[in-house]
Amino acid sequence: MKITIIGQWGAYPEKGEASTCYLLQTENYNILIDCGSGALASVQKYISLDDIDAILISHYHWDHIADIFPYQYNTAISFNTGKRKKPLEIYGHKKDDMFLKLNYNEYCISKEIDEKTILNFDSLKVSFNWCKHPAPSLAMKFQENGKSFVFSGDTEYCEGIVEISKNADIFLCECSFYDEDFGKLKGHLTAGEVGEISNKNNVKNLVLTHFPHYGEINMLKEQVSNKFKGNIEMASKGKVFEL
Ligand SMILES: [Zn+2]
Ligand SMILES: [Zn+2]
């Protein structure tokens, strides 16, 4: 599987960039993970919107879903001009009425996911864990050919994120707060906590994402490295990871 970073910002995108969105590609499938603001404009540098098969949504905060709604218009136009051949599948949980808005005529089909769901896209298997966040949020694990890629969604320190990221070959983890924020801000992970989880879980490659808009974000990597000695990368637009 190949993962391309489309957007790596929490809350809102910085100039010319996007908030949370990642493109995951296998031999036969193109899947978007979250679709925050700026994602639609950015993802088209790498793939046509008509070629995306499915979107998997971690939770219903705007920095993860804002561009779903203009995407629905795109699917309608593409269907009616013969460019899109099959509906866009949009997977999200049902703990919020926002689920009802994912469906859009025959162009976008909503599908429920929760901690019991296993999705199979050919040999790619996807499973989920609830995490702890002000809005219910799912972390996701993608497995193919004996390798695993885990995406945290948004979460604070909890059993769900610790459990799902065990032995991940690539762990794409939100890193929204600096160590100095520990105990003051809630709902997200501090750099030290990301390092602690990754170290305990024997993560092979850690990719930091969902960055804050204050401080010097390269400090996050430094603070994580105090707790985790493996490979650490900062997500940035267009960066590619392969497993
Ligand atoms: Zn977020
Ligand atoms: Zn959130």
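Positions are given from 1 along the sequence. First listed ligand is number 1; within each ligand, the first listed atom is number 1.
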Got a sec: is His210 within less than 2.8 Å of the Zn ion (ligand 1) via an N/O/S atom? yes
Of all the N, O or S atoms in Asp63, which has the shortest distance to the Zn ion (ligand 1)? OD2
If I consider every N, O or S atom in His61, which one ends up closest to the Zn ion (ligand 2)? I only need its name. ND1
Are Asp53 and Lys86 close enough for a salt bridge, meaning some N to O gap below 4.0 Å? yes
Proximity of Phe182 and Phe177 rings by center, below 6.0 Å: no
With rounding to 10 degrees, Asp154 OD2, the Zn ion (ligand 1) and His64 NE2 define an angle of 90°
Does a sphere of radius 6.0 Å around CZ in Phe69 hold more than 12 heavy atoms from other residues, nucleotides or ligands, not counting ones at 6.0 Å or beyond? yes
Parallel, tilted or perpendicular: which describes the rings of His61 and His59, with under 30° parallel and over 60° perpendicular? perpendicular
